[in-house]
Amino acid sequence: MERNKSKKAPGKSFRIGITLADAVKLFADRETAQQWFVEQRWPYGIACPYCGSLNIKESKHKTMPYPCKEATCAKRFSVRTKTVMESSRLGLDKWGIAIFLMATSLKSVSSMKLHRDLGITQKSAWHLAHRLRFALASDGDLFSGPIEVDETCVGGKEANKHAKKKLKAERGAVGKTAVAGVRNQETGKVQAAGVASADKATLQGFVTDNAAPDAKGYHDDAAAYHDLPFSHAAVKHGVNQLRNFLY
């Protein structure tokens with residue numbers, strides 16, 4: 001993009017940016033938008049968001065076109081994976097225009113305007129705007145210093161559900177949503193999010209996405225946390241004891 005060289009232009013018009021016309025061209029259709037997002041996310045080659053491997057071969061899979069070829073990973077992913085666009089059925093062209101409108105508007109953009117401008121339902125526009133505001137509000141800093149990591153399952157009690165909605169599960173986390181969280185002990189800042197599962201790979205993926213490499217973590221005695229890739233210790237809640245060693 002060219003800088004505005006006019007000396008008479010008001011404000012900070014010299015800043016580099018794109019025009020609405022540019023945005024329309026960049027996100028003209030799903031394929032063009034897909035290419036733009038891929039280039040922005042992986043300027044040095046597509047990398048697996050789970051293990052970081054560059055051993056990727058594109059396939060014709062409609063939703064997950066990139067299979068990781070590492071034997072220890074072998075997961076499929078897309079440019080949406082581990083972003084605010086994950087699990088969304090809206091086309092990347094819609095997301096691209098929405099990002100442009102949200103980023104360039106002085107007073108944000110209402111879901112009703114996005115609904116009209118993008119030709120989507122107001123409900124979808126509200127959900128999209130909520131995710132983008134969350135991303136814009138996040139400072140992106142990783143948690144360092146002493147941190148606490150934990151997970152829980154959130155959901156209503158089976159006894160309180162309508163008979164048609166009961167899963168007839170006697171106990172456990174069936175029918176509930178797993179939520180993982182990281183807390184900085186010094187600042188009190190918390191990062192939490194719903195996760196697909198409470199298994200080892202998912203929980204460790206969430207923690208490593210939010211913790212700095214030099215972090216020092218504390219967690220319960222769950223096996224899922226035993227080999228986190230940074231210094232950490234386990235607390236035995238049953239005996240109120242902190243293990244006197246770090247993994």
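- Under a hydrophobic-cluster definition in which Ile, Leu, Val, Met, Phe, Trp and Tyr are linked whenever side-chain heavy atoms come within less than 4.5 Å, directly or via other members, L132 and I18 are assigned to the same cluster.
- With sequence neighbours left out, the ring pair (Phe, Tyr, Trp, His ring centres under 6.0 Å) criterion links Y50 to no other residue.
- Interatomic distance, CD of Q40 versus CD of Q35, reported as 10.5 Å (0.5 Å rounding).
- A distance of 6.5 Å separates CD1 of I99 from CZ of F27, quoted to the nearest 0.5 Å.
- Taking OG of S110 as the reference point, atom CG of D117 lies at 8.5 Å (rounded to 0.5 Å).
- A continuous path of hydrophobic side-chain contacts links V109 to L20 [ILVMFWY only; heavy atoms under 4.5 Å].
- Smallest separation of non-hydrogen atoms from F206 and N210: O-ND2, 2.8 Å.
- Contact detail for C68 and I56: the closest heavy-atom pair is CA-CD1, 3.7 Å.
- In terms of heavy atoms, L92 sits closest to F37 at O-CE1, 3.5 Å.
- One distance of note links CD of Q185 with NZ of K216; it measures 9.5 Å at 0.5 Å rounding.
- Between the H226 side chain and the D221 main chain, a donor and an acceptor come within less than 3.5 Å of each other.
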For this session: Go through W42 and V79 one step at a time and tell me if the side-chain contact (heavy atoms from CB on, under 4.5 Å) criterion holds.
Result: CA-CA 9 Å; W42 298 301; V79 72; 4.0 Å; yes

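- Under a cut-off of 6.0 angstrom, the local environment of NE2 in H127 is sparse, with at most 12 non-hydrogen atoms contributed by other residues, nucleotides or ligands.
- Evaluation of the salt bridge (Lys or Arg N to Asp or Glu O under 4.0 Å) test over residues 23-49, restricted to residues two or more places apart or in two chains, returns none.
- Taking all atoms of both residues into account, the shortest heavy-atom contact from I120 to L114 is CG1-O, 4.2 Å.
- Looking at heavy atoms from C-beta onward, C73 lies in side-chain contact with C48 at the 4.5 angstrom threshold.
- Residues forming a side-chain hydrogen bond (donor to acceptor under 3.5 Å, both in side chains) with T202 (at least two apart in sequence, or on another chain): D199.
- Distance NZ/K69 to NZ/K57: 6.5 Å, rounded to 0.5 Å.
- By the side chain to side chain contact (heavy atoms under 4.5 Å, CB included) test, T187 is found to be paired with N184, K189, residues two or more places apart in sequence or in another chain being considered.
- Of all the heavy atoms in A224 and Q204, the pair that sits closest is O-NE2, 2.6 Å.
- When all heavy atoms are compared, the tightest approach of S88 to W95 is OG-NE1, 3.1 Å.
- The list of salt bridge (Lys or Arg N to Asp or Glu O under 4.0 Å) pairs with a residue in residues 71-98, not counting sequence neighbours, reads K82-D209.
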Exercise. Taking it one step at a time, do V207 and L228 satisfy side-chain contact (heavy atoms from CB on, under 4.5 Å)?
Worked result: CA-CA 8 Å; V207 174; L228 285 168; 4.1 Å; yes

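- To the nearest 0.5 Å, atoms CD1 (I46) and OH (Y66) are separated by 4.0 Å.
- Residues passing the ring pair (Phe, Tyr, Trp, His ring centres under 6.0 Å) test with H130 are W126, sequence neighbours excluded.
- Linking Ile, Leu, Val, Met, Phe, Trp and Tyr whenever their side-chain heavy atoms come within less than 4.5 Å leaves L90 and M64 in two separate clusters.
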